[in-house]
Each structure stands twice: as C-alpha cells, then as structure tokens.
There are 2 protein chains.
Amino acid sequence: MANPFGMETDRRSLSEQAYEAIREAILSLRLEPGRAVYENELANMLNMSRTPVREAVRTLLVEELIEVLPQRGMKVALISEKKVEEARFVRESLEVSALRAAIVGWHTNEWGARLKDEVQAALAAQRKSAETGDVLGFLEADEWFHRLLMAAADNRTLVSIVAQMRAHLNRVRTLSLQELKNVQTLIEEHEQLVSVLTAGDEERAVSLLTHHLRRLQQDVAVVRSQYPLYFRD
Amino acid sequence: MANPFGMETDRRSLSEQAYEAIREAILSLRLEPGRAVYENELANMLNMSRTPVREAVRTLLVEELIEVLPQRGMKVALISEKKVEEARFVRESLEVSALRAAIVGWHTNEWGARLKDEVQAALAAQRKSAETGDVLGFLEADEWFHRLLMAAADNRTLVSIVAQMRAHLNRVRTLSLQELKNVQTLIEEHEQLVSVLTAGDEERAVSLLTHHLRRLQQDVAVVRSQYPLYFRD
DNA sequence: TGAATTATACTTGTATTCAAGTCATGATAG
DNA sequence: CTATCATGACTTGAATACAAGTATAATTCA
C-alpha cells in the first residue's frame, strides 16, 4: 500500500480546495474587501500551480466575490450596498416561500420530530457562541438554523441560492457583529419563530421571519460608516 | 494599424465565447441531454485549446448543465423532474416578489411609460414568432417580456438568478412547444397580465402570474413520456 | 475454454511554457 | 523643463506538456 498510515491525502481536486480556501478567506475577511490579489500569490499560498487557482477564481467571479482586471490583476470585491440589498431581497423572498411551502409538514410528517431536536441543538450552539464571543461560530450556527427552516421545503436549488446570497450578507454581518451587541435579539427572534411555528401560525411566522431578515438593512449604514474603505459606490 | 478593415476580432475572451457557445448549444438541445462530450471535442469544434473550454465548463458545472465524471468524460446533464420543479418554484417566488415590489412604480414613476411601449413590442415579437412557428424566437420573446416585468424591481441579482433557473425550464419548454400548441394561451395570459397590471390590481396580477408560471408543471409529464431518454431518475 | 492479468488508448487534472496587454520608469529629443 | 517614446517588470489569457486514473481489448496462464 502506498499509504500505510492512512494519512489520507485530500481526495478533492486542487481546484475545489482552492475554491473553498479562497472563498472562506474572503468571507472571514482575512482577505479584506478591495485587497489586490494575484494568481501567483494565491497559488504559492496554497502550494499549487496557477491552473487550479484560475478555475476556482472563475467560480468566485460568477459569485461576484472577486473581480478580474484583465492583464492587471484581481481584487476582492468591495461590498456594495446595492448588491447587499439585492441579495437580501432575494433571500427574503426565497426563505419566506420555503417557510410557507414547508409549514404544512412542520407538524404532520416525518420532518417535524427530527427537525425540532436539531433546531434546539442549533439554538444551543448559537447561545454558546454568543457567550464565548465567537462571531464566526455564531454565524455558522445561524446558518445551521436557517438551513433547518428551509430543509422541510426539500428544495436544494433554493438552499444553494440562499447560501450564495448569504456570502454577500455575511461580510456585513461579520463586521456588524464585532461587538456582539444585537446577538441576543437575533437569538430571541429565532426562539420566537420556533414557538410560533410549532403553534402553527403561518402568517405570524412569515411576519417574524421577514422582520428578522430585514434587520440587516439597519446595520449596513452603520458598518459602512465604520469601514468606509470596504465599500464601493 | 494592424486591422485596416475594421474586421474586429471578437474582443471577448475565448473562455466567455466558449461558455456562451456551449450553453447555447445545450439550451437549444443541439447538444442533447445525456450526450457524452469531451474537452478535446469541444475545443476542436470551437477552434481553441482545452484551457478556455475547461474554464467554461467550470461555470456550466455550477449551473448544473454539465456533469463531469473524473478521468472518464463529461455529459450534458439529463433533465431532472425534481430539479425542474425546484427551479420553477424559485422562479415563481422571485418573479412574484419582483412584481409586488415593482407594481407601485408601474404607474407613477419613469418606468411606466418607457416600459409599456417595450412590453407591447415584446408581445408583438412573440405573436410573430408564434405565426412563423419559430420556437426559439418565441422563447426569446418570452424571456424579453418577463425581463421587462422584473425590470422595474431594479434587482440585477434577482434577474440573473431567474435567468439561471430558466435554463433548466427552457429545455422542457423547447420540447413541449415543438408543436406550438399552447402558445396562444401563453400569449393571451401575457396580455391579460398587462391589462390587469395597468389597471393596478396587484392581487389579481400576482394570481395570474403564478398561474402562468405553474403551467409548466403539466408539460413536464407529457414531455417526459415523449422523450424518456432525456430524463434522469 | 476461461479467468486473471497486462497493455493500450482513451479521459480529466495539473504544471509549465508562451503570448500579449498594462503600467511605471526613465531616457531622449525638442 | 516638458512631452514623447522606449523599456522592462509585472499581470492575466491561452496553448502545450505531462501526470494519473479508467475502461476496454489483448494476452497469458491454468
């Protein structure tokens, strides 16, 4: 056997590894908005050639997380208020629709029981991250929670689009949560949503979720005033 | 000057050209669902090397229009009933939301006047394509019409996602429209929608649009029975 | 004869090489 | 001193070369 220690080499292609690594670096703001990056630089960082990096960049280009200036270089996309609001709008539309489609099965079918436990786990994880001040962990738990909400709608395409929208929203959220100020409110809204959902009040649930998802709109202006260099327009 | 005749060489990158060409070939069904394709084959067809083809494929992969089987080849994605319904659901959610967001300005602001003329032009184009039996032209005019509906919402992100969803829906529609049977109904629904919209009846407009967009659900089963080899699952 | 094994001819994945555009720098001509 | 034009050091874009996995055909051995 070529690999007696089971030190399994990453069997994902280098392109995928590059994609995930670069994307994560952008979303976590380790690669800050507006920063110039170069294919060679990324390739060296990731110990690979330019080829897989280029393929990863190609995907990040579609997601508008990177911009390429031909023959001049690339840069991490600046945050655009317009783009953020567009993404937020799309997310609200889809997540509300998913909630409406799923609410029937929330009680009746198999989803209900299994989901409710996991929802509690997600909430617990979020509370814990809030206590320890782990912003990144908080956002992960938040994503977990919202994914569970959508799960019952059984629409992977929808979930993946929402995830794509989240990419643009998360950079704002990461910045706005630096002081972990409003996290308590967010968690409370999650809990409220769950209780209304188990009570079966569709309209109230939709209203709560809509309100919850619009909260970001206030943050944008604040964040922009704190980090003007991260913004475009 | 190197080019005295103004024979402007395509200034788009080869990657982009490849992407558009391959995508168009898939959507028009010239590359039929399930057909095996190879990077070399496509590169030869397009008179370029594998490199730009690979970059194009990378994007088509994200859109789920192509599948790659490592070290074995690629194939044009089969039509999936599940995927089609997921895409249709997403489209309905977004297009309805856009309509609701835009309906206010349909009368009042600048959009109204400019749009209405173009809407009539789009409808005319659609009627003409219906007469001449031009399926591809019909779908293009249809897309034009729906783009105009969404335009007033001023959300490019939303429009681009709907366009992505349309890719999966269009293959079904292209097949179902081969006999140009229901086109009259579709056009009439468009006209109705416009008149209700100018009348300012939001709820009725939403109801009409929803109904219009759900029409595809019936077609899928019919198309599948006619072209079973194009389907997965 | 038949099953296991080795060639072989494909494929995609990745690295490397070459081409061509951009920009800053500095020499050069006026 | 100023404006213009080479020059060179970058960049991304694209082509080619090489590596490695897969499936099929050919071959060997029992």
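Here is the naming used below: chain letters follow the sequence lines, and residue numbers restart at 1 for every chain.
- Ring orientation note: the planes of B/His212 and B/His190 are nearly perpendicular, at an angle over 60° on the 30°/60° scale.
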query = Under the salt bridge (Lys or Arg N to Asp or Glu O under 4.0 Å) criterion, do B/Asp142 and B/Arg166 qualify, and how do the steps go?
reply = CA-CA 11 Å; B/Asp142 182 80; B/Arg166 270 188 81 105; 3.1 Å; yes

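- Between B/Arg58 and B/Glu55, no side-chain nitrogen of the basic residue sits less than 4.0 Å from a carboxylate oxygen of the acidic one, so the salt-bridge criterion is not met.
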Pick out the pairs of N or O atoms, protein on one side and nucleotides 5-9 of chain D on the other, that lie under 3.5 Å.
none

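- The side-chain hydrogen bond (donor to acceptor under 3.5 Å, both in side chains) with A/Thr157 is formed by just one residue from the set B/Arg88, B/Gln164, B/Glu86; it is B/Glu86.
- Annotation for B/Glu63 and B/His168: closest pair O-NE2, 2.8 Å, computed over non-hydrogen atoms.
- With salt bridges taken as basic N to acidic carboxylate O contacts below 4.0 Å, none links B/Glu143 and B/Arg173.
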Anything under 3.5 Å between a donor and an acceptor, one on a side chain of residues 64-73 of chain B, the other on a protein residue two or more places apart or in another chain? List them.
residue	atom	partner	partner atom	Å
B/Glu64	OE2	B/Lys83	NZ	2.9
B/Glu67	OE2	B/Arg232	NH1	2.9
B/Glu67	OE2	B/Arg232	NH2	3.2

Summary of protein contacts for nucleotides 11-20 of chain C, nucleotide by nucleotide, where a base hit scores B, a sugar-phosphate-only hit scores S (4.0 Å, heavy atoms) = BBBBBB----

